[in-house]
Amino acid sequence: MKVEEKLYTLRYKRDDEPHLKIKNFDVCSRCEKEYGTPQPCISVCPANVYVWDGTRMVISYENCVECGACKIACPFNNIAWSFPRYGLGMSLRYG
Amino acid sequence: MYDVVVVGGGPAGSAAALRAAKLGAKTIVIERGSEPGAKNVSGAMIRVNDLSMFDVKSLPYEREVSKVRLSFDGVQIEMKPKDKLVNVGRLKLDRWLASQAESAGAVLITKTTVLKVDGRRIVTDRGEIEGERVILAEGANALVSINSGLRRELKPEETVQTVKEVYSLSKDEVNKRLGLGEQEGISVRYLFSNPIPGAGFLYTYKDSIAFGIGVHMRSLISHRVRPQDVLEEVKRSLGINELVKGFSLREYSAKIIPENGFPAWRACSGNLFLTGDALGVVNPITFNGIGPAVISGYIAGELAVNDQCGSYESSLMMERTLSQAIKLRPLVKELLKEENIRAYISMTSDALSSWTSGDLSLDLKANLWRLTKHALLLLEAIS
């Protein structure tokens with residue numbers, strides 16, 4: 001089963017404002033040169049939120065499971081990470 | 001103006017609020033999820049003794065754990081637990097913990113995220129409130145604690161990434177497949193070395209099975225492998241896919257576990273008190289995070305009411321469960337190294353399989369230095 005299908009098991013309420021942002025896209029290119037593919041944020045993310053298209057990082061923030069791994073893994077501290085507002089984002093039934 | 005503002009309605013936050021409210025403080029808990037537990041992930045087992053500050057008679061548990069099994073590369077050891085262990089679902093558990101804090105007089109508000117604390121001003125995404133003391137029980141992603149300068153961000157070397165799945169079918173099927181009685185539960189721990197070294201866990205809910213893995217973040221990065229791919233490979237090699245065949249996936253979740261923290265990080269400064277995962281008090285050897293979290297929260301609740309930031313750190317160090325978790329840190333740091341996990345898995349399975357075949361030819365010599373070093377670290381922790 002693909003991760004995208006697994007994410008269907010979660011209840012999501014989408015925040016229109018992205019809670020994950022790349023501070024500087026040039027830094028992602030530098031990271032790709034230094035660390036290779038996939039970059040650390042892609043390796044640690046359990047929800048395939050980050051996709052490198054060769055020139056920039058595309059973020060599917062609405063799939064985020066809010067674990068916080070990407071901000072720690074980024075060697076350049078290049079991810080502006082916050083929680084979705086007002087309790088939006090994912091909700092768990094078992095946890 | 002509140003006496004005590006608790007940031008986060010998980011186990012640490014509810015324990016802090018329970019204590020503060022019982023001592024007569026005007027207490028409020030601010031929880032970012034739609035209800036307590038909606039954003040919380042853990043294994044699924046707790047020690048009932050750790051929750052003794054709550055009224056455990058009404059604890060909403062799923063099953064009582066009657067067997068604890070360790071499994072390394074096909075070799076298994078089974079034990080009966082000494083203390084009462086139960087499997088729990090976090091949504092039910094966290095709701096129950098919070099409701100006890102509410103019964104003691106604490107106010108709970110949900111769907112609200114605290115953004116920063118500036119002295120007595122607590123800024124949330126829905127406006128500001130004022131509080132004399134603030135207990136930060138915001139979990140592993142402790143943004144407010146970090147922004148307040150009380151601690152720094154975790155490093156990949158200090159972080160374990162976990163992913164977990166819950167599979168449901170029926171109570172009878174869970175009992176049949178795991179050889180359990182009607183209300184019996186089980187806890188299984190696995191150590192694996194492929195595709196990267198890590199630990200797995202299996203727990204039982206009434207009609208469901210939880211399986212998950214924890215792997216070191218540095219290993220994911222250096223091997224360029226994703227946690228979800230490690231999970232699939234481990235499920236295949238441990239036979240979990242067969243075990244849950246016919247069950248449907250009910251939930252997929254992930255959580256990071258802090259493997260560093262107090263006392264390397266300050267627990268208190270001015271009117272701010274850190275607790276639980278925000279403080280970093282998990283015991284990775286016993287897989288216990290909720291126990292140390294509620295204990296640190298309960299102590300913080302009392303000392304916040306009495307404005308005793310000065311004695312918070314020493315009170316934490318003196319508490320037995322917490323001091324053990326802290327003393328095990330140097331050993332855990334060693335054991336998280338890939339070469340050590342690999343060595344122990346092969347040593348254990350070699351030893352056990354040679355023992356069962358009647359020929360104990362344990363090659364201790366090759367690992368003597370490793371064993372001595374780790375034994376010394378363990379002795380230091382339990383002395």
Side-chain angles (χ1 to χ4, degrees), chain A residues 1-13 15 17 19-20 31-32 34-52 63-77 79-95, chain B residues 31-35 37-42 44 89-94 110-113 115 125-126 138-143 153-156 158-159 161-166 168 205 208 210 217-218 220-229 231-232 248-256:
Chain A
M1 194 188 281
K2 283 165 54 183
V3 163
E4 286 70 17
E5 296 172 71
K6 293 182 181 182
L7 298 177
Y8 278 119
T9 63
L10 296 168
R11 290 177 289 180
Y12 279 103
K13 279 189 181 158
D15 185 352
E17 173 82 19
H19 66 286
L20 309 173
C31 183
E32 207 260 345
E34 280 183 35
Y35 288 82
T37 308
Q39 290 99 322
C41 62
I42 298 178
S43 286
V44 301
C45 175
N48 294 351
V49 166
Y50 298 90
V51 176
W52 177 246
N63 286 349
C64 176
V65 294
E66 300 167 37
C67 71
C70 55
K71 71 178 183 335
I72 295 168
C74 175
F76 300 94
N77 187 23
I79 298 169
W81 196 98
S82 60
F83 293 111
R85 300 170 302 170
Y86 319 128
L88 297 167
M90 63 98 213
S91 286
L92 300 165
R93 268 175 276 237
Y94 289 87
Chain B
E31 162 58 40
R32 72 184 178 92
S34 56
E35 54 190 326
K39 301 276 192 184
N40 298 49
V41 179
S42 70
R90 285 299 299 276
L91 187 62
K92 282 184 203 160
L93 176 74
D94 288 27
T110 57
K111 299 182 185 172
T112 305
T113 304
L115 304 172
D125 54 3
R126 294 185 190 270
E138 51 180 344
N141 293 301
L143 301 182
E153 179 63 275
L154 286 161
K155 296 173 186 168
E158 307 161 336
T159 312
Q161 170 69 294
T162 62
V163 281
K164 175 184 157 189
E165 291 179 338
V166 179
S168 292
Y205 299 98
S208 326
M217 186 182 276
R218 182 47 77 197
L220 291 172
I221 295 171
S222 62
H223 293 270
R224 293 181 192 169
V225 53
R226 303 177 189 210
Q228 57 273 39
D229 297 334
L231 177 74
E232 287 305 320
S248 62
L249 181 67
R250 275 294 163 79
E251 190 165 277
Y252 175 73
S253 59
K255 182 194 190 304
I256 53 164

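So you know, we letter chains A, B, ... as the sequences are listed, proteins then strands, and number each from 1. On a predicted model such as this, the values are computed, not experimentally measured, just so you know. Side chains included, hydrogens not; waters and symmetry mates left out as well; all remaining heavy atoms used.
Listed here is the closest heavy atom pair of A:Ile79 and A:Cys41: CD1-CB, 3.9 Å. B:Gln161 and A:Pro46 make their closest contact through NE2-CD, 3.6 Å (heavy atoms, listed as atom of the first residue, atom of the second, distance). Contact record, A:Leu7 with A:Tyr12: O-CE1, 3.5 Å, taken as the closest heavy-atom pair.
Between the side chain of A:Asp15 and the backbone N or O of A:Leu88 there is no donor-acceptor pair closer than 3.5 Å. For the pair A:Ser91 (side chain) and A:Arg11 (backbone), a donor-acceptor distance under 3.5 Å is absent. Proximity of a side-chain donor or acceptor of B:Arg126 to a complementary backbone N or O of B:Lys111 within less than 3.5 Å is detected.
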Apply side chain to side chain donor-acceptor pair (under 3.5 Å) to residues A:Lys71 and B:Asn141 and explain how you reach the verdict.
CA-CA 10 Å; A:Lys71 71 178 183 335; B:Asn141 293 301; 2.5 Å; yes
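Among the candidates B:Ser222, B:Ala254, B:Ser34, B:Gly89, the residue making the largest number of heavy-atom pairs closer than 4.5 Å to chain A is B:Ala254. Per-residue heavy-atom pair counts under 4.5 Å with chain A were compared for B:Thr112, B:Leu231, B:Thr110, B:Ile221, and the maximum is reached by B:Ile221. When each of B:Ala210, B:Ala140, B:Ala38 is scored by its heavy-atom pairs under 4.5 Å with chain A, the top score falls to B:Ala38. Between chain A and the options B:Glu153, B:Lys255, B:Arg218, B:Glu232, heavy-atom pairs under 4.5 Å are most frequent for B:Glu153. Ranking A:Asn77, A:Val44, A:Val65 against chain B, the residue ahead of the rest is A:Val44, based on heavy-atom pairs under 4.5 Å. The candidate with the highest count of non-hydrogen atom pairs below 4.5 Å against chain B, out of A:Cys45, A:Pro40, A:Ser43, A:Ser82, is A:Ser43. Residue with the most contacts toward chain A among B:Asp229, B:Val41, B:Asp125, B:Val163: B:Asp125 (heavy-atom pairs, distance under 4.5 Å). Taking B:Glu251, B:Gln228, B:Arg90 one by one and counting their heavy-atom pairs under 4.5 Å with chain A, the maximum is reached by B:Glu251.
At a 4.5 Å heavy-atom cutoff, the contact between B:Lys39 and chain A is made by backbone and side-chain atoms alike. Heavy atoms closer than 4.5 Å to chain A are found nowhere in B:Lys92, neither backbone nor side chain. The part of A:Val3 that comes within reach of chain B is its side chain, from C-beta onward, which places non-hydrogen atoms under 4.5 angstrom from that chain. Contact annotation for A:Ile72: both backbone and side-chain heavy atoms come within less than 4.5 Å of a heavy atom of chain B. Neither the backbone nor the side chain of B:Ser248 comes within less than 4.5 Å of any heavy atom of chain A. Heavy atoms of A:Ile42 lying under 4.5 Å from chain B belong to its backbone as well as its side chain. The part of B:Glu165 that comes within reach of chain A is its side chain, from C-beta onward, which places non-hydrogen atoms under 4.5 angstrom from that chain. Within the 4.5 angstrom heavy-atom criterion, only backbone atoms of A:Tyr35 (N, CA, C, O) approach chain B. Only the side chain of B:Leu143 comes within less than 4.5 Å of a heavy atom in chain A; its backbone stays farther off.
From A:Tyr86, atom OH reaches atom CD of A:Glu17 across 9.0 Å, with rounding to the nearest 0.5 Å. To the nearest 0.5 angstrom, B:Arg224 atom CZ is 9.5 Å from A:Gln39 atom CD.
Between the side chains of A:Asn48 and A:Glu4, at least one donor N or O sits under 3.5 Å from an acceptor N or O.
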